[in-house]
Amino acid sequence: MSLRVLLQWGSALMEQPGAATSLLIVLFIIPIGLFFIMFGFKTKTKLHLPPSPPNKLPILGHLFQIGRLPHVNLQRLARKHGSLMLLYLGNIPLLVVSSAELAKEIFHTHDHVFASRPFMYVAKKFSYNYKDFAFTPYGEYWKQMRKICVLQLLNAKRIHSFRSIRTEEVAAMLDKISSGSGGTSNLSSPSSSPDDKSYVAVDLTGILMSFTSDVICRVALGRKYSDEEMIGRKFGDMVRDMFCLFSVENVGDFIPWLSWVNNFNGLYRKVDKTFKEFDGFLDVVVEEHIQGRKKRASLLSTSSDCTTEEDFVDVLLGIHECGGSTGDLLEKDNIKAIVLNMEGGSKVINDELNFQVRFELGETSMSYEDDIEEPNNMMKTSITPFVLAFSNLSYSLNTGEAREGEILAILGPSGSGKSTLLDALANRISTKSLKGSVTMNGETLEVGVLKMISAYVMQDDLLFPMLTVEETLMFSAEFRLPRSFSKTKKMARVQAVIDELGLRNAANTLIGDEGHRGISGGERRRVSIGVDIIHDPIMLFLDEPISGLDSSCAYMVVKVLQRIARTGRIVIMSVHQPSSRVVGLLDQMIFLSQGETVYYGSPTHLSLFLSDFGHPIPENEDRAEFMLDLYSGLESIPGGTKSIVEFNKLRQKLVNNQQFNSDYSNGLRVSIKQAIISRGKLNDSINVIDVAQTSTISKFANPFWVEIVILVKRSLTNSKRVPKVFMLQIGGVVFIGCILASVYWQLDKTGRGIEERIGFFAFIVTTIFFCSTDVLAVFLQERYIFMRETTYNSYRRSSYVLYHSILVIPSLFIFSILLASLTFLPVGLDGGFSSFLFYFFAIFASFWSANSLVSLVSGLVSQVTLGYIVVMPLIGSFLHLSGFFINRDRIPSYWIWFHYISAVKYPYQAILLNEFDKPNMCLLEGVAPDRSCLLFGLDIVRKEDATDLSKWSCFWITLAMGVFYRILLYISLLFGSRNKRK
């Protein structure tokens, strides 16, 4: 049956004028569409493994790429291949995870798979053939060992009982440091010079190693060995040898069949020697404890308790003596293996202490080298500081200031006015509804200047999901940095921001979304900050930047903001309820309650403020939480917060002269624009002479055509990583074309066939309009990104509309040629190649007009659901009054205007005229002998009342309507996306 249909179709094709050309078009387009459908969605049977670096060698795998600095080389590979990477170390597959978020998800979902440590020869030897709990594989034995450690060795009561040991050892450590430094009391004084002769070098690494070893030995073994010179030195040598063996590269661990090499390189001999020494030492320790327990038992005439002994060896021996399923597991070798695990913990603790000490000392020394001074010292330099002052705003606020180099945090419960105050300071509230003044260095800022020198980070992370971190920041740099900056300078700025925000490990990772794995939540927040500070703004506003983050990520974000502030910026942010660690990073705080200030000042003065108010902070209570709880409770009482508000006003009056009549506010006599230039801000995007003479600053960094190029490039980069979207669109067009071709197959020229042709014309145009509604979701997905970027002049709104218009033309062209090729000849439309060409033009104009109409609707509404509610009835009304269901002369006069603005009327009429508006076209011939024509094509045109316009007029009107919709879209974006509160 299908073969006969194909033969009929082929013969019909050859009978048509221009059939050969049309056939070539069909034969060319259909295979392309089928290729996309078949191969674009082909399910791969191979495993979906993470990316793996190339150049994998036989036997070695990727071992040669690890090198002697694995952490450095793994970081380099992760930058190139992503946060999830599969390596092969010889025969051993290794999953490398370089993202905290991914690691958390993996261990949460696949905890059992990754619970066991890899099998290593050295670990097997020192764990007495996996009789410990650190290296033993996950299973029933590991669960029993974990139970012993958690419930018996490391329970809260026992840890508390070791407090005296820790206190004594800390005191001993401080004595060593003091004696080693000659008793100097200014060892870490920041006021002392590193070249001061009073400084004496102290081996902190050795002291910390001795401290951790002594604490662990006293807790686990009941005594420390550092006080006995010979035994202590031997014990220290054994511990160091053991840890050195764990770090030795053992080829047998990666390539088991090459383990015989260790017989020649001496590894097995060294492992056996060190293990025998440790085993002998532990034998003596365990035997001493056994004898000690026997003596105590005989003296007390009772058996030892199972759980109340002083050290870990006693506890384990007690559990063994008490028997039971757990006690039977604890033989002598098991006890020695667990004790070795504890001793191994001393190395981990020591490394952590060393890192913390070096980090703190390194951070202090950095401040000397980089000359990062405190804000008060910064104000004394010759460079004019920036101070944002606000007074008498609608919140009953007293005068306040946000200073350069400081973080000002606005705190309060939900509904207290945090975001509104932040918006007022950032000029995001209409001036008609805002009272008071906001100045910088005593001058009222022009809107254009404020946009140029400030940035606003919204609470939601508005980023393109399929761009990498580096690409996101690079596109932001191309928008915000002047065109005079070279590509190299822009890239250098991007790299500097990546380092400043601590995003180096995630630089080449996709942002990601719900359907695509990407960076973590904390990293997304830092990328959002980076997008807005790429142009080096003076002021940075952030709306609840740590909301939704865990305490660690929140601390990291605020730590980054502190570094940003210390480089000479004003940072103002709203915070809901910060942790004590976050509060420690803040410089100034404003507590709000129902739009009124209940406290303004430094976090360090908050305790004194509350004490003076009569509510001292209890011991060990977080000050910020106590403050929030205090006035939140007062809010529940009518007029309850009035007392604390009035107390704050009185306090502000007392310190007002000292605080706000300083050089910060009144002693600055330099124009704000000159101050901006003197600080090196905007020096390439504005002209110093022009500023001095005209006091104007260019709004945008690039001309509009450069903005269009950047927008197109960004969109293509984001879209090419999800090609299935475009393939689905092509598949949908091909599917619709095939359905229409098969339903309206080779329509004849009888009366019924003519009615079916007209119905086909109306249906194909309407289908095009309904298929274009997918634009709603695409535009609304980018809406808030567009609002954020245009609010601070990243690009013009006109550039966005032009870019959006240009970008859709190629895809609309492809959809049009596919749909025209799949329907023109199969339906049996008349006219040859010229008619086919106009048919294609009419379909393209329909796609263009439909896409523009839906884009306009998406610019007017804020939700996809609302968009569908508007666009679906609108398209239905356009179809109903297009002239298909009811002729023009039958439409009521009060609805005739809707007929002429119908977007469906003109493409429908154009295709109708293309088929029937031919002078010599005869649709129905008479009977012999004269065979005169009974029905002409023009008769159908007059019957459908389509004589008012030619087909080319309808075509141009359709295109013009698309342009008109785009102009209306621009107007709606111009006035509807100001991103300001009323």
Side-chain angles (χ1 to χ4, degrees), residues 736-737 739-745 747-773 819-820 823-824 827-830 838-839 842-843 845-854 856-857 868-917 921 923-924 935-951 953-955 957-958 960-962 964-965:
I736 290 296
I739 291 293
L740 291 175
S742 60
V743 171
Y744 295 96
W745 176 261
L747 297 177
D748 54 34
K749 296 181 180 180
T750 62
R752 179 172 294 180
I754 292 171
E755 291 178 358
E756 291 170 348
R757 285 172 190 253
I758 296 172
F760 165 75
F761 299 153
F763 185 80
I764 193 171
V765 172
T766 309
T767 301
I768 290 171
F769 273 79
F770 280 118
C771 288
S772 299
T773 54
L819 190 58
T823 57
F824 185 80
V827 174
L829 301 184
D830 190 62
F838 183 85
Y839 178 69
I843 289 179
S846 300
F847 271 114
W848 164 255
S849 181
N851 187 279
S852 302
L853 173 65
V854 179
L856 170 60
V857 174
Y868 282 114
I869 291 173
V870 173
V871 79
M872 291 297 185
L874 186 62
I875 294 175
S877 301
F878 281 164
L879 172 64
H880 187 70
L881 295 172
S882 63
F884 170 68
F885 290 105
I886 182 171
N887 288 348
R888 177 165 50 97
D889 58 351
R890 303 278 297 172
I891 297 176
S893 57
Y894 47 83
W895 280 115
I896 194 65
W897 61 273
F898 203 91
H899 170 77
Y900 287 108
I901 67 169
S902 170
V904 176
K905 163 187 166 59
Y906 299 100
Y908 160 71
Q909 189 169 328
I911 298 174
L912 180 72
L913 293 172
N914 183 58
E915 179 70 12
F916 296 115
D917 190 14
M921 181 182 187
L923 298 174
L924 182 61
L935 182 63
F936 289 94
L938 293 176
D939 296 332
I940 302 299
V941 173
R942 285 190 289 268
K943 179 183 177 183
E944 296 298 321
D945 199 10
T947 57
D948 53 335
L949 296 167
S950 67
K951 67 178 185 180
S953 297
C954 292
F955 168 73
I957 290 174
T958 305
M961 292 185 76
F964 178 68
Y965 292 145

Visitor: Once rounded to the nearest 0.5 Å, what's the spacing between atom OG1 of Thr958 and atom CZ of Phe847?
Guide: 13.5 Å
Visitor: Does Asn851 reach the main-chain N or O of Ser772 with its side chain, forming a donor-acceptor pair under 3.5 Å?
Guide: no
Visitor: Would you check, one step at a time, whether the test side-chain contact (heavy atoms from CB on, under 4.5 Å) holds for Glu944 with Leu912?
Guide: CA-CA 9 Å; Glu944 296 298 321; Leu912 180 72; 3.8 Å; yes
Visitor: Starting at CD1 of Ile886, measure out to CD1 of Ile891 and round the result to the nearest 0.5 Å.
Guide: 6.0 Å
Visitor: I'd like to know whether CZ of Phe964 has more than 12 heavy-atom contacts from other residues, nucleotides or ligands below 6.0 angstrom.
Guide: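 Not buried by this count: 12 neighbours or fewer within 6.0 Å.
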Visitor: Can you list everything that forms a ring pair (Phe, Tyr, Trp, His ring centres under 6.0 Å) with Phe838? Sequence neighbours excluded, please.
Guide: Trp952
Visitor: So which heavy atom on Ile911 is nearest to which on Ala842, and how close?
Guide: CG1-CB, 3.7 Å
Visitor: If only atom types and distance count, is the side chain of Ser849 paired as donor or acceptor with the main-chain N or O of Ser846 below 3.5 Å?
Guide: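 No, because the side chain of Ser849 does not come within donor-acceptor range (under 3.5 Å) of the backbone of Ser846.
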Visitor: Answer yes or no: does atom NE2 of His880 have more than 12 heavy-atom neighbours from other residues, nucleotides or ligands under 6.0 Å?
Guide: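 Open: at most 12 neighbouring heavy atoms sit under 6.0 Å from NE2 of His880.
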Visitor: Out of curiosity, Asn914 CG to Phe955 CZ, how far, rounded to the nearest 0.5 Å?
Guide: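 Asn914 CG to Phe955 CZ: 11.5 Å, rounded to 0.5 Å.
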Visitor: Might you point out which heavy atoms bring Ala946 and Gln909 nearest each other, and give the distance in Å?
Guide: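 Minimum heavy-atom separation between Ala946 and Gln909: O-NE2, 3.5 Å.
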Visitor: Can we say Asp948 and Lys905 salt-bridge, meaning some charged N sits less than 4.0 Å from an Asp/Glu carboxylate O?
Guide: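 A salt bridge links Asp948 with Lys905.
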Visitor: Not counting sequence neighbours, which residues clear ring pair (Phe, Tyr, Trp, His ring centres under 6.0 Å) with Tyr965? List them please.
Guide: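 Tyr965: no ring pair (Phe, Tyr, Trp, His ring centres under 6.0 Å) contacts found.
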Visitor: Do the side chains of Ile940 and Glu915 get nearer than 4.5 Å, heavy atoms only?
Guide: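 No, too far: nothing below the 4.5 Å cut-off.
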Visitor: List the atom of Asp939, the atom of Leu935, and the distance in Å for their closest heavy-atom pair.
Guide: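 Result for this residue pair: CB-CD1, 3.6 Å.
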Visitor: My understanding is that only residues two or more places apart in sequence, or in another chain, count here; which of them pass salt bridge (Lys or Arg N to Asp or Glu O under 4.0 Å) with Asp945?
Guide: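 Here the qualifying residues are Arg888.
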Visitor: Take a 6.0 Å sphere around OH of Tyr868 and say whether it holds more than 12 heavy atoms from other residues, nucleotides or ligands.
Guide: yes
Visitor: Shortest non-hydrogen contact from Met961 to Ile901?
Guide: CE-O, 3.3 Å
Visitor: Which pair of heavy atoms, one from Tyr744 and one from Glu756, lies closest together, and at what distance?
Guide: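 Here Tyr744 and Glu756 meet closest at CE2-O, 3.7 Å.
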Visitor: Check whether any side-chain heavy atom of Ile764 lies under 4.5 Å from a side-chain heavy atom of Leu819, and answer yes or no.
Guide: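 Yes, side chains in contact.
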Visitor: Once ring pair (Phe, Tyr, Trp, His ring centres under 6.0 Å) is applied, do any residues pair with Tyr839, and if so which ones, sequence neighbours excluded?
Guide: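 Partners of Tyr839 by the ring pair (Phe, Tyr, Trp, His ring centres under 6.0 Å) criterion, ordered by chain and then number, come out as Phe824.
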Visitor: Write down the atom of Trp897, the atom of Tyr894, and the distance for their closest heavy-atom approach.
Guide: NE1-O, 2.9 Å
Visitor: Say you draw a straight line from CZ of Phe769 to CG of Leu879; how long is it, rounded to the nearest 0.5 Å?
Guide: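 So the gap between those two atoms works out to 10.0 Å.
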Visitor: Between Phe761 and Val765, does the side-chain contact (heavy atoms from CB on, under 4.5 Å) criterion hold? Intermediate values first, please.
Guide: CA-CA 6 Å; Phe761 299 153; Val765 172; 5.8 Å; no
Visitor: So Arg757 and Phe916, side-chain contact (heavy atoms from CB on, under 4.5 Å) or not? Walk me through it.
Guide: CA-CA 10 Å; Arg757 285 172 190 253; Phe916 296 115; 4.2 Å; yes
Visitor: Can you tell me how far the OG1 atom of Thr823 sits from the CG atom of Leu829, to the nearest 0.5 Å?
Guide: 7.0 Å
Visitor: Between Tyr908 and Phe884, how do the two ring planes meet: parallel, tilted or perpendicular, split at 30° and 60°?
Guide: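 Geometry flag for Phe884 against Tyr908: perpendicular rings.
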Visitor: Looking at side-chain heavy atoms only, is the closest gap between Leu740 and Val827 below 4.5 Å?
Guide: no
Visitor: Under the ring pair (Phe, Tyr, Trp, His ring centres under 6.0 Å) test, which residues partner Phe878, sequence neighbours left out?
Guide: Phe898
Visitor: Distance check, rounded to the nearest 0.5 Å: Leu856 atom CG versus Leu874 atom CG?
Guide: 9.0 Å
Visitor: Any side-chain to backbone donor/acceptor pair from Ser902 onto His899? Under 3.5 Å, distance only.
Guide: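 Side chain of Ser902 to backbone of His899: no pair is present.
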Visitor: Output all residues satisfying side-chain contact (heavy atoms from CB on, under 4.5 Å) with Ser953, sequence neighbours left out; order by chain, then residue number.
Guide: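 Counting only residues at least two positions away or on another chain, Ser953 forms a side-chain contact (heavy atoms from CB on, under 4.5 Å) with Leu949, Ser950.
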Visitor: Look at the side chain of Asn887 and the backbone N and O of Asp889, then say whether any donor-acceptor pair between them is shorter than 3.5 Å.
Guide: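 No, because the side chain of Asn887 does not come within donor-acceptor range (under 3.5 Å) of the backbone of Asp889.
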